[in-house]
Amino acid sequence: LWEVACAVMGVDDLETAKIKIQTWWNKYKTKCKCDSLGFNIPNGNLLKFSVSQSLPDVIDTMVSTYGLDINFKDPVDGKNVLDYVNDELIRFKSGGISQESIKIYEDYRASLIKLGAKPSK
């Protein structure tokens, strides 16, 4: 995040970097797309990709450290990251997915809500 927002470690303090990162995120958050065989939303946003790849600390850092918005709708499917997790839970529960995977996504959901995520619907 520092690099793409043109913040410089060792030069910018955290508050300066935070402003640069927030400015960059507000401008480009819907353009941060990921496309991977292991991701079920082609060109879906970075937040959903980090959940799908079991990297929830990415979102935690984005919110807790930099105060970034995670409630925006992804233009690809019109849903935010909490909607994605809720939809995946429904799919998991109806599709015979392991209880362990369901528990992981329930924990992701709780963590997102604690970070201020709200459903867009």
Side-chain angles (χ1 to χ4, degrees):
L1 288 174
W2 280 60
E3 189 174 321
V4 297
C6 298
V8 181
M9 287 200 175
V11 175
D12 292 325
D13 63 12
L14 182 58
E15 285 307 309
T16 302
K18 190 174 175 179
I19 291 167
K20 288 180 178 182
I21 292 166
Q22 287 172 348
T23 300
W24 176 85
W25 184 250
N26 289 336
K27 186 174 182 180
Y28 295 107
K29 63 187 168 196
T30 61
K31 294 176 177 25
C32 296
K33 300 176 183 181
C34 297
D35 198 24
S36 169
L37 293 176
F39 184 34
N40 60 346
I41 301 178
N43 292 310
N45 74 44
L46 173 68
L47 301 176
K48 294 174 190 172
F49 179 76
S50 69
V51 169
S52 76
Q53 301 303 300
S54 301
L55 300 168
D57 291 343
V58 170
I59 298 171
D60 184 57
T61 299
M62 293 172 84
V63 174
S64 299
T65 304
Y66 303 110
L68 303 183
D69 172 27
I70 60 170
N71 286 310
F72 67 93
K73 291 182 183 179
D74 184 351
V76 170
D77 62 3
K79 298 176 183 178
N80 68 23
V81 67
L82 183 57
D83 299 333
Y84 171 74
V85 170
N86 287 335
D87 288 351
E88 288 296 278
L89 277 168
I90 291 168
R91 186 173 70 84
F92 287 1
K93 289 177 181 178
S94 68
I97 301 296
S98 74
Q99 287 300 311
E100 183 179 331
S101 293
I102 291 170
K103 173 74 170 108
I104 289 169
Y105 270 69
E106 286 172 342
D107 290 346
Y108 289 167
R109 182 179 187 281
S111 177
L112 287 168
I113 291 169
K114 190 180 283 187
L115 290 169
K118 295 174 177 52
S120 68
K121 303 174 191 175

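No hydrogens, no waters, no symmetry mates; every other heavy atom, side chains included, goes into these values. Here, residue 1 is the first one in the sequence, and each next residue gets the next number.
- Looking only at distances, no side-chain donor or acceptor of Ser111 sits under 3.5 Å from a matching main-chain atom of Asp107.
- The minimum heavy-atom distance between Leu115 and Val63, with the atom names listed, is O-CG1, 3.6 Å.
- Looking only at side-chain heavy atoms (C-beta outward), Lys29 and Leu68 stay at 4.5 Å or farther from each other.
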Might you work through the ring pair (Phe, Tyr, Trp, His ring centres under 6.0 Å) test for Trp25 and Phe72, ending with a clear yes or no? CA-CA 11 Å; Trp25 184 250; Phe72 67 93; 5.8 Å; yes
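- Taken from OH in Tyr28 to OG1 in Thr23, the straight-line distance is 11.0 Å, to the nearest 0.5 Å.
- Of all non-hydrogen atoms in Phe39 and Gln53, the two that sit nearest each other are N-NE2, 4.3 Å.
- Here the closest non-hydrogen pair linking Val85 and Arg109 is CG1-CB, 3.8 Å.
- Atom CG of Asn86 sits about 10.0 Å away from atom NZ of Lys79, to the nearest 0.5 Å.
- Distance check: Glu15 CD to Lys20 NZ gives 13.0 Å after rounding to the nearest 0.5 Å.
- The structure places CD1 of Ile90 at 5.5 Å from CG of Asp87, a figure rounded to the nearest 0.5 Å.
- Here the straight-line distance linking atom CD1 of Ile59 with atom NZ of Lys48 works out to 10.5 Å at 0.5 Å rounding.
- Between the side chain of Asp74 and the backbone N or O of Asp77, no donor-acceptor pair lies under 3.5 Å.
- To the nearest 0.5 angstrom, Ile19 atom CD1 is 10.0 Å from Leu14 atom CG.
- Nearest heavy atom pair, residue Trp2 against residue Asp13, reads CH2-O, 4.3 Å.
- In this structure, the side chain of Asp12 does not engage the main chain of Ala17 through any donor-acceptor pair within 3.5 Å.
- When side chains are defined from C-beta on, Leu82 counts as touching Ile113, because their heavy atoms get closer than 4.5 Å.
- Taking the side chain as every heavy atom from C-beta outward, Leu89 and Ile102 approach each other to under 4.5 Å.
- Within the 3.5 Å criterion, the main-chain N or O of Lys118 finds a donor-acceptor partner in the side chain of Asn80.
- Hydrophobic cluster membership of Val8, counting Ile, Leu, Val, Met, Phe, Trp and Tyr whose side-chain heavy atoms lie under 4.5 Å apart directly or via other members: Val11.
- Shown are Met62, Lys33, Lys31; of these, the side chain to side chain contact (heavy atoms under 4.5 Å, CB included) with Leu46 is made only by Met62.
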Check step by step if salt bridge (charged side-chain N to carboxylate O under 4.0 Å, His left out) holds for Glu88 and Arg91. CA-CA 5 Å; Glu88 288 296 278; Arg91 186 173 70 84; 2.7 Å; yes
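- Counting only heavy atoms from C-beta outward, the side chains of Thr65 and Leu1 never approach each other to under 4.5 Å.
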### Test log, rule side chain to side chain contact (heavy atoms under 4.5 Å, CB included), inputs Tyr84 and Phe49
CA-CA 10 Å; Tyr84 171 74; Phe49 179 76; over 6 Å; no
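- Looking only at side-chain heavy atoms (C-beta outward), Val81 and Tyr108 stay at 4.5 Å or farther from each other.
- The nearest pair of heavy atoms linking Ser50 to Val58 is CB-CB, 4.0 Å.
- Across all non-hydrogen atoms, the minimal contact from Asp35 to Asn43 is OD1-N, 3.5 Å.
- Here the side chain of Asn71 pairs a donor or acceptor atom with the backbone of Gly116 at under 3.5 angstrom.
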